[in-house]
Number of protein chains: 2
Amino acid sequence: MSSSKTPAGEKKPADRPYHHGDLRRAILGAALDVIAADGPSALSLRDLARRAGVSHAAPAHHFKDRAGLLTAIAAEGFGLLATTLREAADLQGAGVHYVRFAREHPAHFQVMFAPGLLRDGDLELATARALAGDALRDAVTAVPPEGRGTDARLAGVAAWSLAHGFATLLLSHNLDGPVGDQDPEEVFRELATMLFRAGE
Amino acid sequence: MSSSKTPAGEKKPADRPYHHGDLRRAILGAALDVIAADGPSALSLRDLARRAGVSHAAPAHHFKDRAGLLTAIAAEGFGLLATTLREAADLQGAGVHYVRFAREHPAHFQVMFAPGLLRDGDLELATARALAGDALRDAVTAVPPEGRGTDARLAGVAAWSLAHGFATLLLSHNLDGPVGDQDPEEVFRELATMLFRAGE
DNA sequence: GGGCAATCTTGTCAGTGACAAGTTATGCGG
DNA sequence: CCGCATAACTTGTCACTGACAAGATTGCCC
């Protein structure tokens, strides 16, 4: 209200150094908070700008538009997922890591599999996605095909579907009943053991 | 602007009978089209109103707000899913029906599992959801526990995760590569056979 | 220290969701 | 057949949002 621009005890404009320093990271962080709390649809570029203490048009300079921001988040997510999957010892471990990733990075996970919000043609996204795909493929083919003679392609789809479905239902609170207060990753491990080693 | 209300050669207001007849159904149908094409985020109440040829505030009378519309769609979806699951012969059949449902009603399916867009407290939604849950539970417990001694709860989560993951990845075009031009339902059937009958 | 590009700001416009208040049709009791 | 309560729809408005354009500020490199 007061039009005085004295830099004394003002709130906003005084100590803001015009160049934020790492606005891109700040926006990303705020966006992840919002998405984890209320989903991607609750995300507003102007709100993120307010949280970062910058003007309403600042985010556009780093992400172009809404889809650009979400695409960047998705790409980051696929990169993180690829790293996580590489750390797994075997196929079952990869599944557990997949579920853990979804729980530890719910915002990333949601955005990664939300087509229509992403800029499909984005190069960075495609690269990261391919990286994660390779990691998953390697985890599948690394398992010796002793127990089961079926092709790796089908087994890969099965493993991915199982882990992805479990993670998705978990995040959407559809497993609150069946899983209860147990550790979801442990439940998934049992479940994978049951299915993939049924005959053994 | 022109105050003449002559019903002669006008465009909009002439043949519109003020009461649409079944506006609720018309809005729902248009919404399903839009969602199937561009996802729930591309949905605009005003656009739906335009498509139905009514004023921009008309939809609110039937659905209160955006969340109300999406909640109605989700409830309808769970009802349809319950019906579909009841028609399956066995657990594997239920899985196949689950995947088929996702393919035949992609808009419903997307909205049903999009938390944050739905009005969680809604009674109609909760009822329909419970109905579908019962149908799925019945499908799981109906299978004779001969082949596998593990509890039905775990098997239920496994079956649901597998079907849901497969359907989700399918709709998000993440299986375009592995599945190729094969019939997705047939692929899922093979996949389920492989996992659930591995030891047999 | 001078210019240049990246970064951020201000200003603006059309589109949207939500709400309030008015208008028109429908159906029901008398 | 009439009146009236109510459902169905309209018009008008407000705050908010995303996108864009043009200008201001700053760090940086030669």
Side-chain angles (χ1 to χ4, degrees), chain A residues 3 5 7 10-28 30-31 34-35 38-73 111 114 116-119, chain B residues 1-5 7 10-31 34-35 38-73 111 114 116-119:
Chain A
S3 58
K5 292 184 177 178
E10 281 296 337
K11 220 175 213 174
K12 271 191 298 186
D15 47 15
R16 180 155 44 112
Y18 200 102
H19 280 73
H20 179 282
D22 195 359
L23 181 59
R24 184 184 161 92
R25 195 64 244 171
I27 298 272
L28 278 175
V34 171
I35 295 173
D38 299 326
S41 59
L43 193 129
S44 149
L45 292 183
R46 289 174 112 99
D47 178 50
L48 297 180
R50 273 187 295 261
R51 290 177 186 235
V54 295
S55 83
H56 63 87
H61 207 271
H62 291 273
F63 302 104
K64 168 74 177 170
D65 57 10
R66 216 182 118 93
L69 170 59
L70 291 171
T71 300
I73 292 178
V111 174
L117 302 182
L118 274 42
R119 194 185 310 285
Chain B
M1 300 303 173
S2 68
S3 58
S4 75
K5 292 183 178 178
E10 283 295 337
K11 217 175 212 175
K12 269 192 298 187
D15 47 16
R16 180 156 41 116
Y18 200 102
H19 280 72
H20 179 282
D22 195 358
L23 181 59
R24 183 184 162 93
R25 195 63 242 170
I27 298 273
L28 278 176
V34 172
I35 294 173
D38 298 326
S41 58
L43 192 128
S44 149
L45 293 182
R46 287 174 113 100
D47 178 50
L48 298 180
R50 271 187 296 260
R51 291 177 185 235
V54 296
S55 82
H56 63 86
H61 207 271
H62 291 275
F63 302 104
K64 167 74 176 168
D65 57 10
R66 217 181 117 92
L69 170 59
L70 291 171
T71 300
I73 292 177
V111 174
L117 301 182
L118 274 42
R119 193 185 309 287

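What you see is a predicted model; the values in this text were computed from it and never measured. Throughout, protein chains are lettered first and strands after them, A, B, ... in sequence-line order, and every chain is numbered starting at 1.
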Can you check the [X] [atom1] to [N] [atom2] distance for me, whole Å?
| X | N | atom1 | atom2 | answer |
| --- | --- | --- | --- | --- |
| A:Leu70 | D:dG18 | CG | P | 10 Å |
| A:Lys64 | D:dA19 | NZ | C1' | 8 Å |
| B:His56 | D:dG12 | NE2 | P | 9 Å |
| A:Leu23 | D:dT25 | CG | C1' | 15 Å |
| A:Arg25 | C:dT7 | CZ | C1' | 18 Å |
| A:Ile27 | C:dC8 | CD1 | C1' | 11 Å |
| B:His62 | D:dA8 | NE2 | P | 6 Å |
| A:Arg119 | D:dG18 | CZ | P | 14 Å |

Just so I know, are the side chains of [X] and [Y] near enough to count as touching, which here means a heavy-atom distance under 4.5 Å?
| X | Y | answer |
| --- | --- | --- |
| B:Leu70 | B:Ile35 | yes |
| B:Asp65 | B:Arg119 | yes |
| B:Leu69 | B:Leu43 | yes |
| A:Leu45 | A:His56 | no |
| A:Arg51 | A:Val34 | yes |

With respect to the side chain of [X], which nucleotide from [options] is positioned closest?
| X | options | answer |
| --- | --- | --- |
| B:Arg66 | C:dA18, C:dT9, D:dT10 | C:dA18 |
| B:Ala57 | D:dA19, C:dA18, D:dT10 | D:dT10 |
| B:Asp65 | C:dA18, D:dC20, C:dT7 | C:dA18 |

* **DNA chain C contacts made by residues 41-49 of chain B, counting heavy atoms under 4.0 Å** =>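 When residues 41-49 of chain B is checked for heavy atoms under 4.0 Å from DNA chain C, the hits, listed by number, are B:Leu43, B:Ser44, B:Leu45, B:Arg46.
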* Atom pair OG/CZ of A:Ser44 and A:Arg50 - distance to nearest 0.5 Å ->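 A:Ser44 OG to A:Arg50 CZ: 5.5 Å, rounded to 0.5 Å.
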* Asked: Hey, what do you get for CG (A:Leu117) to OG1 (A:Thr71), rounding to the nearest 0.5 Å?
  ->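 So the CG of A:Leu117 and the OG1 of A:Thr71 are separated by 9.0 Å.
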* Asked: Quick one: is B:Arg50 getting a side-chain N or O under 4.0 Å of the C:dT16 phosphate, OP1 or OP2?
  ->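 Checking B:Arg50 against C:dT16: at least one side-chain N or O falls below 4.0 Å of OP1 or OP2.
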* Identify, between B:His61 and A:Ala60, the residue whose nearest nucleotide on DNA chain D lies closer to the 5' end. =>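 Final value for this comparison: B:His61.
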